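Computed from a predicted structure; not experimentally measured.
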Amino acid sequence: MCAANCSGVEPVGVEPSARWLIAEGADSAALSRSIPLAKAMDDALVCLYQNGERVRPSNGYPVRLLLPGFEGIMNVKWLRRIKLVNEPAMTKDETSKYTILLKDEKAWQFVLPMEVKSIITRPAPGLALKGSGFYEISGLAWSGNGSIRQVDVSADGGRSWAPAALQDPILPKAPVRFRTPWQWNGGPAVLQSRATDDTGMVQPTREQFANERGLRGVYHYN
C-alpha cells in the first residue's frame, strides 16, 4: 500500500485471501517470520527512525519492523521484503527453533506475544551492599498481552510475598518500573519478583514453565 502523498503511485490493496505476511530481513541468515495480517493492520510499524535519529545499523538500519507486544525475534531487522500470503511460510527459524514441543508430543507453533514477565534490576550482580540496613528492590515488568496489574516481591526465595509499588504510566505492551522497600538483616537472601497482567496471567517460575513446555521453551523464556 502507499501513503496518500505518494505521487503517481496507486495503492495495491490486499487480496481477500491474504491472512499472513512474510517479513524478510537482509541479514546473512535472511531471517524471515510469518506474521498474522490482523496484527499488521492493528499496530505494526515500519520504522525508519528511533529516538529522533535514523535506526542504527545494530538495530536494523535502514528499516526495521516493530510489532508491539510480540517477541523480539518477530521485529525483523534490516527489513527488505514484505509479502502477503494466505498461510504461514513455515520458515526455518519458526519451525526449527521457535516451535515448542509439548509433553504430548504435539508442536505448539506461532507463540508470538511476549507473556507476562518481570526481572529485578537492583540489587544486581556486581553491586556490593554495605552491610545490613534499608535498601530498595526495583525492577521492570511487562506483558505483550496487556498491562501489568501487580508485581509481588519475595526476599526469602518465594516463601512469602509482598506487593510492590508500580510507577506510572502503566500502559499496555510497555515495561513498568516497580519498587519496594527492603530491610536486609545482612544474612543470605534470595530475591524474586512475580508479575500479573490484566488478563490474569501470573508469571510462572522457571520450574513451572519447563514442566509445561519443556526445555525448548528457552527460546520464549530467557
Side-chain angles (χ1 to χ4, degrees), residues 1-102 105-117 119 140 142-146 171-175 197 199 209 213-222:
M1 293 183 289
C2 177
N5 62 354
C6 291
S7 177
V9 178
E10 294 294 329
V12 297
V14 177
E15 290 285 350
S17 60
R19 294 292 181 271
W20 294 77
L21 65 84
I22 311 304
E24 180 183 290
D27 54 318
S28 59
L31 177 74
S32 302
R33 293 305 306 263
S34 303
I35 298 158
L37 184 59
K39 176 65 175 177
M41 295 296 193
D42 179 23
D43 58 3
L45 297 171
V46 175
C47 300
L48 301 175
Y49 294 86
Q50 179 183 18
N51 298 331
E53 62 181 21
R54 289 302 301 268
V55 173
R56 297 183 178 186
S58 59
N59 287 337
Y61 175 88
V63 183
R64 179 171 184 168
L65 184 65
L66 179 62
L67 303 171
F70 274 22
E71 294 183 346
I73 189 65
M74 302 297 298
N75 299 283
V76 176
K77 296 181 179 180
W78 311 290
L79 183 66
R80 68 178 176 187
R81 186 167 73 113
I82 292 177
K83 181 179 181 180
L84 273 63
V85 293
N86 60 2
E87 59 185 17
M90 302 297 182
T91 66
K92 63 178 179 62
D93 294 288
E94 59 195 16
T95 54
S96 65
K97 295 181 176 65
Y98 293 92
T99 294
I100 297 174
L101 186 62
L102 302 176
E105 297 185 356
K106 291 184 178 179
W108 184 6
Q109 294 181 300
F110 303 106
V111 182
L112 305 180
M114 291 184 287
E115 295 178 312
V116 63
K117 186 75 179 288
I119 57 171
L140 292 168
W142 63 90
S143 173
N145 289 315
L171 302 172
K173 306 175 186 176
D197 66 19
T199 71
F209 188 90
R213 305 189 190 181
L215 296 179
R216 288 196 61 165
V218 68
Y219 282 102
H220 305 274
Y221 192 98
N222 186 342

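Among pairs with a residue in residues 28-61, none fulfils ring-ring contact (aromatic ring centres under 6.0 Å, His included), at least two apart in sequence or across chains. Every pair passing ring-ring contact (aromatic ring centres under 6.0 Å, His included) that includes a residue from residues 10-45 is listed here, sequence neighbours excluded: W20-F110.
Here the OG-NZ distance, from S32 to K83, works out to 11.0 Å after rounding to the nearest 0.5 Å. Between M90 atom CE and I22 atom CD1 the span is 10.0 Å, to the nearest 0.5 Å. Summarising the geometry, atom CG belonging to L67 is positioned 11.5 Å from atom CD1 belonging to I73; distances are rounded to the nearest 0.5 Å.
Counting non-hydrogen atoms of other residues, nucleotides and ligands closer than 6.0 Å to NZ of K92 gives a total above 12.
Side-chain atoms of T95 do not come within 3.5 Å of backbone N or O of D93 as any donor-acceptor pair. For S143 (side chain) and E115 (main-chain N/O), no donor-acceptor pair under 3.5 Å exists by modelled atom type.
Taking 4.5 Å as the limit, some side-chain heavy atom of P62 sits within range of a side-chain heavy atom of R54. Proximity of V63 to V55: side-chain heavy atoms (C-beta onward) are nowhere separated by under 4.5 Å. Here the side chains of M74 and L112 are in contact, with some heavy-atom distance below 4.5 Å. Q109 places none of its side-chain heavy atoms less than 4.5 Å from the side chain of Y98.
With sequence neighbours excluded, the residues forming a side-chain contact (heavy atoms from CB on, under 4.5 Å) with L84 are V14, A18, L21, L37, I82, listed by chain and number. Remark: P113 engages F70, N145 in a side-chain contact (heavy atoms from CB on, under 4.5 Å) (not counting sequence neighbours). Every residue two or more places apart in sequence or in another chain that forms a side-chain contact (heavy atoms from CB on, under 4.5 Å) with K173 is listed here: K39, D42, D43, P68. Taking the side-chain contact (heavy atoms from CB on, under 4.5 Å) definition, one finds that W78 meets it with A26, D27, sequence neighbours left out.
A salt bridge is defined here as a Lys NZ or Arg NE, NH1 or NH2 lying under 4.0 Å from an Asp or Glu carboxylate O, and E53 with R56 meets this definition.
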Under the side-chain hydrogen bond (donor to acceptor under 3.5 Å, both in side chains) criterion, do T199 and D197 qualify, and how do the steps go? CA-CA 5 Å; T199 71; D197 66 19; 2.6 Å; yes

Kindly indicate, with the supporting measurements, whether the criterion side-chain hydrogen bond (donor to acceptor under 3.5 Å, both in side chains) is fulfilled by S34 and E94. CA-CA 8 Å; S34 303; E94 59 195 16; 2.6 Å; yes

Show your reasoning for whether side chain to side chain contact (heavy atoms under 4.5 Å, CB included) applies to L79 and R64. CA-CA 5 Å; L79 183 66; R64 179 171 184 168; 5.9 Å; no

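The two residues N59 and K77 come nearest to each other via the heavy atoms O-CG, 3.9 Å. Listed here is the closest heavy atom pair of I35 and L65: CD1-CD2, 3.4 Å.
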